[in-house]
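Numbers restart at 1 for each chain; the letters A, B, ... are given by sequence-line order, proteins then strands.
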Amino acid sequence: MPKFLALRDAIRDHVADGACVALEGFTHLIPFAAGNEIIRQGRQQLHLVRMTPDLIYDQMIGAGCARRLTFSWGGNPGVGSAHRIRDAVEQGWPRPLELDEHTHAGMAAAYRAGAARLPFGMLRGYIGTDLPQHNARIGSVRCPYTGEEIAAVPALNPDVAILHAQRADRRGNVAITGITGAAREAALAAAKLVVTVEEVVEELPPAMNGIVLPHFVVTAIAHCPGGAWPSYAQGHYARDNGFYRRWDAIARDRAQFTAWIDRHVRGTADHHAFLASLRLAA
Amino acid sequence: MPKFLALRDAIRDHVADGACVALEGFTHLIPFAAGNEIIRQGRQQLHLVRMTPDLIYDQMIGAGCARRLTFSWGGNPGVGSAHRIRDAVEQGWPRPLELDEHTHAGMAAAYRAGAARLPFGMLRGYIGTDLPQHNARIGSVRCPYTGEEIAAVPALNPDVAILHAQRADRRGNVAITGITGAAREAALAAAKLVVTVEEVVEELPPAMNGIVLPHFVVTAIAHCPGGAWPSYAQGHYARDNGFYRRWDAIARDRAQFTAWIDRHVRGTADHHAFLASLRLAA
Amino acid sequence: MSAWTRDEMMTIAAARLLADGMVCFVGIGLPGAACNLARLTHAPGLVLIYESGTIGTRPSVLPLSIGDGELAETATCVVPLPEIFSDYLQAGRIDVGFLGAAQIDRFGNLNSTVIGDYAKPRTRLPGAGGATEIAAHAREVFIVMKATPRSFVPRLDFQTSGGHFPGRAVSGATGSGPAVVVTDVGMLRPQGPRNELALAATYPGIPAQEAVAAVGWPLAIASTVESIAPPAAAELEALRALEARTAAAHREPVRLPL
Amino acid sequence: MSAWTRDEMMTIAAARLLADGMVCFVGIGLPGAACNLARLTHAPGLVLIYESGTIGTRPSVLPLSIGDGELAETATCVVPLPEIFSDYLQAGRIDVGFLGAAQIDRFGNLNSTVIGDYAKPRTRLPGAGGATEIAAHAREVFIVMKATPRSFVPRLDFQTSGGHFPGRAVSGATGSGPAVVVTDVGMLRPQGPRNELALAATYPGIPAQEAVAAVGWPLAIASTVESIAPPAAAELEALRALEARTAAAHREPVRLPL
């Protein structure tokens with residue numbers, strides 16, 4: 001049965017320095033509030049895992065939380081570069097970032113293997129690419145029936161996965177509607193699962209084949225409305241495409257980035273105060 | 001784009017003697033009408049694949065359609081034996097039946113591998129069981145990272161999968177609600193997919209995360225109301241548990257079984273006539 | 001409330017083993033009755049998972065199959081069967097797996113495949129289904145079977161699912177194997193270095209000798225044998241009401257979809 | 001209708017390559033515009049799949065990301081991302097995969113990973129995303145890129161995705177590789193035994209020399225060079241309306257969820 005905690009307490013209790021952490025959500029339901037809280041609490045040396053390290057990891061990496069990144073696409077979707085990730089890779093600022101780089105198909109196979117507690121995933125992948133020359137973790141396995149060589153990746157089993165979802169019920173079942181990416185797989189692959197939600201309801205709407213993470217796979221739930229902003233929560237609020245565009249200028253410059261993080265993230269007590277401070281600045 | 005056909009034509013065009021055929025649906029949405037039509041058309045030497053060869057394969061095997069069975073559990077759920085399957089295995093009546101026997105977890109891995117066009121599936125399975133001693137297709141693979149030995153099964157890629165579903169739209173998208181078992185995986189693993197549906201609608205209800213087989217994976221659709229009886233179609237009709245119980249007596253005896261098949265299946269023109277003949281007999 | 005039957009005692013004894021909040025992989029028949037009885041009495045937060053893919057299902061009557069429509073309608077969610085086996089069972093998320101079988105041996109190994117030779121069986125049984133991997137990966141396995149010398153045998157004709165077989169510890173099985181065998185004449189639990197099943201609990205009015213006689217191998221008696229309390233009125237009432245609702249529901253004629 | 005721009009010609013030329021009913025794996029930017037334009041004009045039955053998991057999506061405006069909410073709302077269904085890659089792309093169910101990149105070489109190999117050395121890059125690019133497996137397994141690959149000598153290079157700094165690389169036939173790639181590269185100065189197609197890209201089509205008023213000058217390797221000219229018809233009024237109108245709707249939608253301020 002998950003605990004219902006304030007986000008501050010959920011992060012304090014479940015994200016340790018040096019931990020392997022996956023904040024997932026593919027464009028949709030990205031747990032930005034949780035990422036900000038990790039920055040606020042000054043976590044260090046994290047091994048961050050995420051298929052698409054976009055703004056959320058740009059912020060965390062720029063704020064100095066990470067030492068290592070497992071990923072398959074890192075940029076600002078539809079806009080351009082993730083400038084803070086670039087700076088960490090190109091210049092080692094604010095600290096060097098070790099890369100464990102994959103393709104989407106490879107990451108998906110690795111999460112799936114992790115969710116099933118298999119030691120590796122496989123795919124017909126990494127064909128015609130230089131990636132395996134630079135990542136020794138990309139391997140292969142021989143089919144015991146056909147003799148074919150199939151690409152392999154080690155299972156991903158983060159210490160903790162963090163998701164944002166639309167709603168949880170009082171027992172801690174978590175329901176998600178819309179694009180999930182590999183969020184379900186990452187959630188089930190992790191040793192612990194922390195979820196921020198838009199609302200806590202008495203009873204979830206009948207799900208039938210909908211996506212529900214049953215309460216016994218959830219470690220902690222934090223009620224955090226707006227927790228996916230500037231990404232979106234289907235049925236609650238839309239993606240703030242304007243902010244994604246504006247982020248390009250904020251993140252391009254170290255000083256400007258740090259001022260933004262200091263003022264809006266480190267300078268606020270929680271996600272509500274963060275959003276209020278942004279509204280004030282707008 | 002799938003063709004909309006009469007069930008008779010769909011079976012005639014897509015199920016050849018000797019083919020490898022998977023009629024899937026786990027307790028729910030079992031394509032009984034399609035099975036009956038295969039019997040009616042006198043198909044022979046089929047390699048039947050199904051996790052749970054229950055009444056539908058009891059009928060097809062008793063009617064002499066099959067030479068080989070890939071499966072993981074064969075019985076009358078909650079009632080007892082599948083008498084016709086037993087007779088084929090124990091006495092070779094009406095013809096011998098070769099078994100390719102697995103566990104549910106193994107079949108699921110094999111369908112999943114088939115759907116992904118991987119040559120094999122893997123699982124932490126077949127532990128503490130004599131099955132691998134009797135099925136040479138159950139193998140193993142060594143993890144390239146940990147050195148662990150993991151059970152392997154060859155991918156299942158039937159020539160044709162047959163499902164029953166609640167509804168299709170005019171473009172041939174097929175929507176399923178409720179228990180699916182491994183039906184989606186079997187459908188995507190097969191070279192061709194034939195679906196019988198309760199209704200054809202102009203537009204499907206908004207699906208979001210619901211289960212839809214998009215039209216480009218569907219080969220043919222036959223409108224066949226009641227096509228899952230005596231199993232059920234969630235939202236349309238309930239499982240006829242009474243018939244499952246009555247089947248035990250019908251199937252126990254070769255002559256009685258044959259008389260039933262001759263009268264109700266071979267003696268009727270189509271599924272509607274089949275149901276009418278049963279109502280008359282009741 | 002009339003006197004209880006042995007079948008009722010067996011189901012109630014099995015139900016009592018389930019603590020609130022446990023995640024159970026449920027089979028059909030006796031296990032289903034025990035799990036649902038527990039849910040309707042002392043363990044309302046019991047999570048029932050059926051291999052059909054229904055998670056957290058709360059049926060008001062016992063299903064005939066493991067995939068009846070009510071299981072889907074009352075579930076927290078319905079997931080594809082492959083996920084149940086890979087992401088729940090294999091991933092170690094099942095507290096208790098319930099199993100029955102045609103034959104059991106003294107180490108809790110089970111046969112549900114054939115009587116006689118595999119290639120030319122005297123009786124072909126349904127086969128493994130989910131049992132092999134439940135036996136391997138559920139944290140604990142509870143077995144519910146009526147005891148007879150024909151089913152509690154010195155040697156299985158075929159081993160479908162592993163109990164405390166030699167080498168279990170290095171086999172890749174992640175669960176701890178059978179914790180209890182609930183029968184109609186008492187409960188057996190593994191003991192000693194080889195985890196041999198021994199009579200560990202008796203029911204009121206059913207002496208240990210009856211259990212010994214019902215088991216086809218020389219049944220060991222545990223050093224301490226628990227005396228199980230008789231069914232409480234509330235337990236019997238709940239079980240009988242469940243069975244009456246079930247019988248009524250299954251008697252209801254289903255119209256042909258014509 | 002005003003005169004067309006080269007970007008419009010490029011998008012319209014790409015859109016024309018798509019036949020009704022094709023199943024397309026769509027990227028963001030130019031490919032998304034081309035696919036949606038085709039869907040809104042001559043190919044209403046085009047099936048658009050985004051790697052976010054949306055199948056058969058019909059957005060009224062172009063999304064900024066590949067996972068905007070409208071893609072989910074207008075989709076036939078939304079499936080988990082792993083299924084898109086395993087059961088659709090890897091399974092060979094995608095007719096056309098659209099790709100762009102930072103660099104392309106004469107065999108249609110693509111770089112979207114780094115400029116400079118991988119370990120110490122001059123410019124770190126976003127990386128592969130879905131591209132590597134799209135390049136391998138889509139039945140055909142259509143590339144859409146503006147041509148400049150900086151992007152059409154003799155030698156890639158890093159090969160992210162394979163075009164007609166040596167050994168493709170035995171590499172396990174199940175698709176046939178790049179069929180066309182649509183640029184703003186003409187279209188290239190592979191030719192000859194080594195499948196080297198050659199100028200295969202020109203746009204009205206843009207001579208072959210412009211294409212040759214825009215490409216950083218000595219560009220071959222195909223034996224027959226097709227002359228592409230100028231944008232029709234209906235095409236231009238549909239494209240401009242789509243872009244105007246998109247700009248208006250993206251201009252709409254989003255209220256902070258506070």
query: Which residues in residues 145-153 of chain B have a heavy atom less than 4.5 Å from any heavy atom of chain A?
result: B:Tyr145, B:Thr146, B:Glu148, B:Ile150, B:Ala152, B:Val153
- prompt: Which residues in residues 196-226 of chain B have any heavy atom lying under 4.5 Å from a heavy atom of chain A?
  reply: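 So far as heavy atoms go, B:Met208, B:Asn209, B:Ile211 are the residues that approach chain A to under 4.5 Å.
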Chain A contacts, top residue of B:Met122, B:Arg142, B:Arg137 (heavy-atom pairs, under 4.5 Å):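 Option with the greatest count: B:Met122.
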message: Heavy-atom pairs under 4.5 Å with chain B: which of A:Pro119, A:Gly139, A:Pro144, A:Ser140 has the most?
response: A:Pro119
query: Quick one: of A:Ala116, A:Ala113, A:Pro154, who has the most non-hydrogen atom pairs under 4.5 Å with chain B?
result: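 The residue among A:Ala116, A:Ala113, A:Pro154 with the greatest pair count is A:Pro154.
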message: Could you check whether any side-chain N or O of A:Arg124 sits under 3.5 Å from a backbone N or O of B:Arg117, counting only pairs where one atom can act as donor and the other as acceptor?
response: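 Side chain of A:Arg124 to backbone of B:Arg117: a pair is present.
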